[in-house]
Amino acid sequence: MRDMELIEGHRAITPPEGMPVWDVDPFDTAILSDPEPYYAGLRARGPVVYIPRWSVLALGQYETTKAVFSDHENFVSSRGVGLNDFHVGDPWRPPSIILEVDPPDHTRTRRVMSRALSPKVVRTMAGMFAEAAEELVDELVARGRIEAVEDLAERFPITVFPRVVGMRDVDQRILVDYGACVFNSMGPDNALRRAATARNKEIAPWIMAACARERLTEDGIGAMIYADADAGEIGQDEAPLLVRSLLSAGVDTTVTGIGNALYCFAANPGEWDRLRAEPKLVRPAIEEVLRYTSPVHTFGRTAGRDCEIAGYPVEEGTKILCVLGAANLDPDKWGDADTFRIDRRPVGHMGFGAGIHGCVGQNIARGEMEAVLTALARKVARIEFDGDAPWRPNNAIHALDKLPLKLTPA
């Protein structure tokens, strides 16, 4: 390997002549807590911007971001979806065999996961999701005032998702924190990543033990994955890693999606009235929540070979930040992008990624969100803020830290 200067475990680069340069830290906690000005600044500077702080290229305009994020041949995931380049240094944990891998290996593991989490399979869970949502919403409406992150956004997925997987071991705090650790690890060596690394040392043994075959029931998705290993479609050593992947794909993004939906409707009471009047809008409302709030705000890629972005040459080994949150708010794509409108039907948003690496748990996340919003729409006339609702800084996830709400019964 030729000599190179490294920044955060990836090769430092010299930007091509004429490329916009912006001296900003995308992982500053102030930006992570209030990212919209950063998103707008990134889009305004051009389709691709060099950020010297981390020696990366950043994309925020929709068309360029979507093109690069979907181009798995030139911009690979196997070298890490954060700032670290796995060809240069060791990953912080064994890489995900579905998130951090490219075809043809990705095709094999993705086929197993896609079958286990297919729309057909998720439809069999709809009744259980609806029943659990009805029970929880009844309890929360009777209470009137809730802290919606912990009481609803975190609690509902932890109520239903372990049953889907077939987990015998359930701990709400560990399951939620694990996803946050995974996504914080995608950033630089800042306080968020260091805290995540320390927390992961505590919970990783619990997570791997909970994914072992003997800790799963015989009627869940986890058992389906182990059955595929028995059939030779994946290795026996790969099965627990795929079950582990379920826990970040199926918990954290769902927690974020539910919390963000409640925030959107509290901030836009007219849209809540509209959903209650037109329940059929629940599915497009979910897509608008995903577009408007981008549960995953940033994902990384690595140039697997010399190529180009928007006419600029890009060297092999260059790290690229695909800022999905900025792309999903691009007015050139969406028009009134900063308006939350549940009849928008935002086809092509990247709230759950795009291309072959779209979130593998998105069908379950949508199913859970639909169950919760449907129950709330029938039983709650008004969702109102009952205090400050700060966003929780995370290197890759855009989620609320607290969401105090007042629920007025219908």
Side-chain angles (χ1 to χ4, degrees), residues 1 3-61 64-65 68-69 74-92 95 99-100 181-197 294 296-304 306-310 312-327 393-398:
M1 180 180 295
D3 292 338
M4 66 182 75
E5 178 188 355
L6 299 180
I7 293 181
E8 289 297 320
H10 67 268
R11 184 182 306 150
I13 63 169
T14 301
E17 183 177 354
M19 180 178 289
V21 177
W22 191 14
D23 185 16
V24 66
D25 181 4
F27 303 103
D28 183 274
T29 54
I31 287 177
L32 296 175
S33 300
D34 182 21
E36 284 79 5
Y38 159 66
Y39 293 164
L42 183 61
R43 291 192 305 267
R45 282 169 169 80
V48 55
V49 177
Y50 174 68
I51 297 181
R53 174 68 178 266
W54 305 118
S55 194
V56 295
L57 305 185
L59 318 176
Q61 294 180 2
T64 305
T65 306
V68 169
F69 201 63
N74 286 311
F75 305 103
V76 301
S77 298
S78 57
R79 294 171 67 160
V81 295
L83 291 185
N84 292 95
D85 182 347
F86 296 169
H87 281 196
V88 176
D90 295 328
W92 69 282
L99 183 66
E100 295 160 330
C181 288
V182 169
F183 287 105
N184 264 323
S185 73
M186 297 177 187
D189 183 27
N190 56 12
L192 294 171
R193 183 175 178 180
R194 289 192 291 271
T197 300
S294 292
V296 179
H297 63 74
T298 303
F299 238 64
R301 293 287 187 263
T302 309
D306 291 347
C307 53
E308 64 89 24
I309 298 176
Y312 292 102
V314 174
E315 296 180 4
E316 178 271 330
T318 299
K319 274 290 176 178
I320 298 111
L321 301 182
C322 295
V323 187
L324 309 181
N394 185 288
N395 288 326
I397 288 285
H398 185 49

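A quick note: this is a predicted structure, and the numbers were derived from the prediction, not measured.
- Across Met186 and Ala396, no two heavy atoms sit closer than the pair SD-CB, 3.9 Å.
- Annotation: side chain of Trp22 is in contact with side chain of Leu42 (closest heavy-atom distance under 4.5 Å).
- Minimum interatomic distance between Cys181 and Ala196 (heavy atoms only, all atoms of both residues): SG-O, 3.5 Å.
- Of the options Asn190, Leu192, Asn394, a side-chain contact (heavy atoms from CB on, under 4.5 Å) to Phe27 is made by Asn190 and by none of the others.
- Note that OG1 of Thr302 is 9.5 Å distant from CG of Asn84, once rounded to the nearest 0.5 Å.
- His398 places no side-chain N or O within 3.5 Å of a backbone atom of Thr298 that could act as its donor or acceptor partner.
- Annotation for Pro313 and Pro16: closest pair O-CG, 3.1 Å, computed over non-hydrogen atoms.
- Remark: side-chain polar atoms of Glu8 are not paired, donor with acceptor, to backbone N or O of Leu83 under 3.5 angstrom.
- Note that the CZ atom of Phe75 and the SG atom of Cys307 stand 3.5 Å from one another [nearest 0.5 Å].
- Lys319 places a side-chain N or O within 3.5 Å of a backbone atom of Gly82 that can act as its donor or acceptor partner.
- Here the side chains of Val314 and Asn74 are not in contact, with every heavy-atom distance at 4.5 Å or above.
- Panel note: side chain Arg194, backbone Asp189; a donor-acceptor pair is recorded below 3.5 Å.
- Taking the side chain as every heavy atom from C-beta outward, Arg301 and Ser77 approach each other to under 4.5 Å.
- Put simply, the side chain of Arg11 never gets that close to the backbone of Val88: no donor and acceptor are under 3.5 Å apart.
- Under the 30°/60° scheme for interplanar angles, the aromatic rings of Phe183 and Phe299 are found to be tilted.
- In this structure, the separation between NE2 on His297 and CG on Leu324 is 9.5 Å, given to the nearest 0.5 Å.
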Exercise. Tell me, with the steps shown, if Leu32 and Tyr38 meet side-chain contact (heavy atoms from CB on, under 4.5 Å).
Key: CA-CA 9 Å; Leu32 296 175; Tyr38 159 66; over 6 Å; no

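- At least one donor-acceptor pair under 3.5 Å links the side chain of Thr318 to the backbone N or O of Glu315.
- Annotation: side chain of Phe69 is not in contact with side chain of Ile320 (no heavy-atom distance under 4.5 Å).
- Considering only heavy atoms from C-beta on, Val68 comes within 4.5 Å of Ile309 through its side chain.
- Taking 4.5 Å as the limit, every side-chain heavy atom of Phe86 sits out of range of all side-chain heavy atoms of Ser78.
- At a threshold of 4.5 Å between non-hydrogen side-chain atoms, the residues Thr65 and Val323 do not count as touching.
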Please list every donor-acceptor pair under 3.5 Å in which a side-chain atom of residues 45-53 meets a protein atom from a residue at least two apart or in another chain.
residue	atom	partner	partner atom	Å
Arg45	NH1	Gly41	O	3.1
Tyr50	OH	Ile13	O	3.3
Tyr50	OH	Ser55	OG	3.4

Practice problem: Could you walk me through whether Val81 and Leu99 pass the side-chain contact (heavy atoms from CB on, under 4.5 Å) test, one step at a time? | Solution: CA-CA 8 Å; Val81 295; Leu99 183 66; 4.2 Å; yes

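- Of the possible polar contacts, one joining the Asn184 side chain to the Asn395 backbone as a donor-acceptor pair under 3.5 Å is found.
- In this structure the side chain of Pro20 reaches within 4.5 angstrom of the side chain of Tyr312, judged on heavy atoms.
- When atom types are taken as modelled, the side chain of Asp85 and the backbone of His10 share no donor-acceptor pair closer than 3.5 angstrom.
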